[in-house]
Visitor: 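What follows is a structure written as structure tokens; I'll ask about it next.
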2 protein chains.
Amino acid sequence: MSASAQKHDVFQAIADPTRRDILKLLAEKELSILEITGHFPMSRTAIAKHLHILSEAKLVNGRKIGREKRFRIQPDSLDELKQWLSYFEQFWHNKLSILKHIVENQNEKD
Amino acid sequence: MSASAQKHDVFQAIADPTRRDILKLLAEKELSILEITGHFPMSRTAIAKHLHILSEAKLVNGRKIGREKRFRIQPDSLDELKQWLSYFEQFWHNKLSILKHIVENQNEKD
DNA sequence: TTGACACGAAACCAAAAGGTGTTATATATT
DNA sequence: AATATATAACACCTTTTGGTTTCGTGTCAA
């Protein structure tokens with residue numbers, strides 16, 4: 001077993017809507033577990049678990065400050081998702097506009 | 001219950017590695033259930049379930065041809081994922097522009 | 001030092017996910 | 001018409017997920 005025996009990857013991490021909401025929260029600013037919990041109708045423990053999963057997926061990281069643990073977003077891993085997406089992007093762009101590629105040769109604008 | 005009582009969304013659909021592999025297969029060409037099953041170490045029934053979930057998420061669609069059901073990719077829904085991603089993109093581009101060496105490694109060969 | 005506070009860890013639970021096999025039904029082939 | 005085939009529809013099993021509660025520990029403040 002390699003050292004990267006990672007139980008949760010990015011895809012699983014973002015599968016849960018609560019975790020996606022947590023990410024949105026942390027995108028704005030660093031927050032403690034209790035502060036995050038305040039935004040959701042569930043227990044602190046549940047949120048802590050979600051944060052653990054997000055942490056495993058390298059989407060957030062937490063540092064202890066006093067008796068608090070403050071989490072912030074670490075969006076690097078989303079790049080893996082982006083690359084995965086880009087693989088399919090060519091397909092839906094190509095397929096949806098077979099004629100279009102004649103017109104716009106390489107308009108990498110959007 | 002509204003008509004859009006959709007059990008699986010895109011995020012859940014792509015959370016499973018088997019389903020991501022199925023998407024890659026279908027990206028290349030349309031395939032029947034049996035053909036898809038041939039690529040995986042599991043039963044046809046299991047694959048059919050995965051296809052059902054992918055279908056719910058509007059990532060694939062199947063049409064009956066004779067006694068076969070052939071599935072093809074329907075990548076429109078990935079756009080939702082792309083939009084979700086783009087929200088965070090600004091963060092990691094702004095915040096982590098210093099760590100650009102990661103991005104610069106991007107050799108889109110495979 | 002005492003007590004409130006923020007957190008971690010563990011035990012537990014219900015429901016969903018992911019798989020199996022069997023049976024039924026419609027379609028092709030002969 | 002008979003048979004083989006591709007899939008759908010079930011029933012079932014096991015593991016994972018997402019939540020709970022309880023208890024213990026370190027930290028801050030009075």
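In this text, all values refer to a predicted model and were calculated from it rather than measured experimentally. Naming convention: chains lettered A, B, ... in sequence-line order (proteins, then strands); numbering from 1 in each chain. Atom set for the values below is all heavy atoms of this structure, side chains included, hydrogens, waters and symmetry mates excluded.
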Visitor: In this structure, would L26(A) and I47(A) fall into the same cluster of hydrophobic residues linked by side-chain contacts under 4.5 Å?
Guide: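 Linked, L26(A) and I47(A) end up in one cluster.
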Visitor: Between T45(A) and dT20(D), is there a contact of a side-chain N or O with OP1 or OP2 at under 4.0 Å?
Guide: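 Answer no for this pair, as no side-chain N or O of T45(A) is under 4.0 Å from OP1 or OP2.
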Visitor: CG of L31(B) versus P of dA6(D): gap in Å, rounded?
Guide: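 Computing the L31(B):CG to dA6(D):P distance gives 14 Å.
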Visitor: Does Q12(A) place a side-chain N or O at less than 4.0 Å from the phosphate oxygens OP1/OP2 of dT16(D)?
Guide: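 Answer is no, no contact under 4.0 Å.
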Visitor: What is the distance, rounded to the nearest whole Å, between atom CG of D16(B) and atom P of dT16(D)?
Guide: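 Going from D16(B) (CG) to dT16(D) (P), I get 13 Å.
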Visitor: Using heavy atoms to find the nearest nucleotide of DNA chain D for I47(A) and R67(A) separately, return the residue whose nucleotide is more 5′.
Guide: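 Taking each residue's closest nucleotide, the earlier one in sequence belongs to I47(A).
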Visitor: List in numerical order all residues of residues 34-41 of chain A for which some heavy atom is under 4.0 Å away from an atom belonging to DNA chain D.
Guide: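 None, since no heavy atom is under 4.0 Å.
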Visitor: Output the rounded distance in Å from NZ (K7(B)) to C1' (dT17(D)).
Guide: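 After rounding, the reported distance stands at 14 Å.
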Visitor: Can you check whether H8(B) has a side-chain N or O nearer than 4.0 Å to OP1 or OP2 of dA17(C)?
Guide: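 Indeed, a polar side-chain atom of H8(B) lies that close.
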Visitor: Could you state the CD1-P distance from I22(B) to dG18(C), rounded to the nearest angstrom?
Guide: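 I22(B) atom CD1 is separated from dG18(C) atom P by 11 Å.
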Visitor: Look at all strands and tell whether K49(B) reaches a base, only sugar-phosphate, or nothing, counting heavy atoms closer than 4.0 Å.
Guide: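 Base contact - K49(B) has a heavy atom under 4.0 Å of at least one base atom.
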Visitor: Check the distance between dG26(D)'s C1' and I33(A)'s CD1 and give it to me in whole angstrom.
Guide: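 Between C1' of dG26(D) and CD1 of I33(A): 14 Å.
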Visitor: Go through the steps to decide whether E89(A) and K82(B) satisfy the test side chain to side chain contact (heavy atoms under 4.5 Å, CB included), and finish with yes or no.
Guide: CA-CA 9 Å; E89(A) 218 165 14; K82(B) 190 188 172 189; 2.7 Å; yes
Visitor: With the 4.5 Å side-chain cut-off for hydrophobic clustering, are L51(A) and L34(A) part of the same group?
Guide: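 No, L51(A) does not connect to L34(A) through the hydrophobic network.
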Visitor: Are L54(B) and L85(A) connected in a single hydrophobic cluster, I mean Ile/Leu/Val/Met/Phe/Trp/Tyr linked by side-chain heavy atoms less than 4.5 Å apart?
Guide: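 Yes: a chain of side-chain contacts under 4.5 Å links L85(A) to L54(B).
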Visitor: For R44(B) and I33(B), work out which heavy atoms get closest and say how close.
Guide: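 Result for this residue pair: CG-CG2, 3.7 Å.
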Visitor: When we call it a touch if two heavy atoms are under 4.0 Å apart, what does S32(A) touch: a base, just sugar-phosphate, or nothing?
Guide: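 The answer is sugar-phosphate, as S32(A) gets under 4.0 Å only of primed atoms, P, OP1 or OP2.
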Visitor: At 4.0 Å (heavy atoms only), tell me whether R19(B) reaches a base, stays on the sugar-phosphate, or touches nothing.
Guide: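 Here R19(B) touches the backbone only, sparing every base.
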Visitor: Hydrophobic clustering (ILVMFWY, side-chain heavy atoms < 4.5 Å, transitive) - are I22(B) and F88(A) grouped together?
Guide: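 Yes, same cluster.
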Visitor: Quickly work out the L51(A) CG to dG8(C) P distance and round it to whole Å.
Guide: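 The answer, rounded to whole Å, is 9 Å.
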Visitor: Between M42(A) and I65(A), just flag the one whose closest nucleotide in DNA chain D comes earlier from the 5' side.
Guide: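 Its nucleotide being nearer the 5' end, the pick is M42(A).
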Visitor: So, is H50(A) close to the dG19(D) phosphate, meaning a side-chain N or O under 4.0 Å from OP1 or OP2?
Guide: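 For dG19(D), OP1/OP2 do have a side-chain N/O of H50(A) under 4.0 Å.
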Visitor: With sequence neighbours left out, what residues match F40(B) under ring-ring contact (aromatic ring centres under 6.0 Å, His included)?
Guide: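 Here no residue qualifies.
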Visitor: Check the distance between dA17(C)'s P and I14(B)'s CD1 and give it to me in whole angstrom.
Guide: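 After rounding, the reported distance stands at 15 Å.
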Visitor: Take atom CZ of R44(A) and atom C1' of dG18(D), then tell me their distance rounded to the nearest Å.
Guide: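 Answer to the nearest Å: 16 Å.
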